[in-house]
There are 2 protein chains.
Amino acid sequence: MNIGTAARQSGLPPKTIRYYEDIGLLTADRAANGYRDYSNEDVHRLRFVQRSRSLGFSVEECRQLLSLYTDRDRASADVKAIATEKLGEIDRKIAELTGLRAMLGHLVENCYGDARPECPIIDGLSDLTSDH
Amino acid sequence: MNIGTAARQSGLPPKTIRYYEDIGLLTADRAANGYRDYSNEDVHRLRFVQRSRSLGFSVEECRQLLSLYTDRDRASADVKAIATEKLGEIDRKIAELTGLRAMLGHLVENCYGDARPECPIIDGLSDLTSDH
DNA sequence: ACTTGAGCTTCCAGCGGCTGGAACCCCTAT
DNA sequence: ATAGGGGTTCCAGCCGCTGGAAGCTCAAGT
């Protein structure tokens, strides 16, 4: 199967698949004409990476997960450790964004948003400690 | 005031301040010896950018906000429009992360995390549609 | 048989937002 | 005089792609 088909089936753009090969994440066979040739198993791995990426794993983490995915004898604890760590990161990001949201939301709420120059948002960005 | 002092007072690393000057976000005077020379007003602007960045505004948005900040006659509606748009982005990000958190959390919860190779996380990454 | 157009190949460059490092200059204290 | 801790420039690299150019190959239509 050519890269375009593999792309459609995995949900990854061809460019990205080539990039993954470039960085040694996933390799593919080559057909006689030099085209990359993907097996169904290759497509499974591509989908696996696509999903892992969309769940917030970095490419390096995907590399680890992929080797755990391939190693049928790995301990589930190894996988869980990576996933749990990522869960913590996601939680931290959510907390951070929630804090930002509260702060920015507060500023926006207090801004009349009319033609006048008085603007609590600008004032707030100038000095977040004071009361707006 | 030298760049190091401005850095300490604004909360931005000197490298970042030079970078901002490079991309034309904030310029500084030069002293006779060629050193950048920051006024208190410059430091205010640096802090303003630092805060805007930390609230999730892109550098380009900071450029807009900065010109609104500098323009004492601007309408607060202009500022509010940018901030409200950003608020929407933050909300979308939070929603996305919350979804990820739920999915990954579900996978992690169902994984024993022991020495056995059975692993719902790996299975889930292989095929998110099936039941784990 | 020839052309067209889609799809494949490689390689190089650039995005955003810094950050590290090299090589050099300047200022102050000892 | 010298040592250090500033400052200056410029170039390169991080991550994870993405766009584009130039050139192949293949299948379909005329």
From the candidates D:dG7, C:dC18, D:dT25, the one with an atom nearest any side-chain atom of B:R53 is C:dC18
Whole-Å distance, B:I17 CD1 to D:dG6 C1', equals 14 Å
| field | Cluster link A:I3 to A:I23, ILVMFWY, side chain under 4.5 Å | value | yes
For nucleotides 10-13 of chain C, tabulate all protein N/O to nucleotide N/O atom pairs closer than 3.5 Å, reporting atom names and distance.
residue, atom, partner, partner atom, Å
C:dT10, OP1, A:R30, NH1, 3.4
C:dT10, OP1, A:R30, NH2, 3.2
C:dT10, OP2, A:R36, NH1, 3.1
C:dT10, OP2, A:R36, NH2, 2.7

note: B:L26, atom CG; C:dG17, atom P; distance rounded to Å ~ 14 Å
note: B:E60, atom CD; C:dC15, atom P; distance rounded to Å ~ 11 Å
When rounded to whole Å, the CZ to P distance for the pair A:R63 and D:dC15 reads 10 Å
When rounded to whole Å, the CG to P distance for the pair A:D22 and D:dC15 reads 14 Å
In whole angstroms, the gap separating P of C:dT28 from OH of B:Y35 amounts to 9 Å
Separation between OG (A:S76) and CD1 (B:I121), nearest 0.5 Å, reads 7.5 Å
Between its two end axes (five pairs each) the helix from C:dA1-D:dT30 to C:dT30-D:dA1 turns, nearest 10 degrees, through 30°
From the candidates D:dG16, C:dG17, C:dC27, the one with an atom nearest any side-chain atom of B:N33 is C:dC27
Here the distance between atom P of D:dT18 and atom CD1 of A:I23, to the nearest Å, is 13 Å
message: I'd like to know if B:R30 and B:E21 make a salt bridge, using a cut-off of under 4.0 Å between side-chain N and carboxylate O.
response: yes
Can you see whether B:Y112 has B:R116 sitting over its ring - NZ or CZ less than 6.0 Å from the centre and within 45° of the normal? yes
message: At less than 4.0 Å, is any side-chain N or O atom of A:T16 found next to OP1 or OP2 of D:dG16? Yes or no.
response: no
Taking for B:I3 and for A:P13 the nucleotide of DNA chain D with the nearest heavy atom, the one nearer the 5' end belongs to B:I3
Atom pairs and distances, side-chain donor-acceptor, residues 87-98 of chain B, under 3.5 Å, sequence neighbours left out:
residue, atom, partner, partner atom, Å
B:E89, OE1, B:K86, NZ, 2.8
B:D91, OD1, A:R101, NH1, 2.9
B:D91, OD2, A:R101, NH1, 2.7
B:T98, OG1, B:I94, O, 2.6

Side-chain N,O (A:Y20) to OP1/OP2 (D:dG16) below 4.0 Å: no
Separation of D:dC24 atom P from A:N2 atom CG, nearest Å, is 19 Å
**Asked** Would a distance-only check, ignoring hydrogens and angles, find a side-chain to backbone donor-acceptor pair under 3.5 Å from B:R74 to B:L68?
**Response** yes
task = Would you please say whether a donor-acceptor pair under 3.5 Å links the side chains of A:S39 and A:D42?
result = yes
Interatomic distance, CZ@A:R18 vs CG@A:L12, rounded to 0.5 Å, equals 12.5 Å
Rounding to 0.5 Å, atoms CD (A:Q9) and CD (A:Q50) come to a distance of 13.0 Å
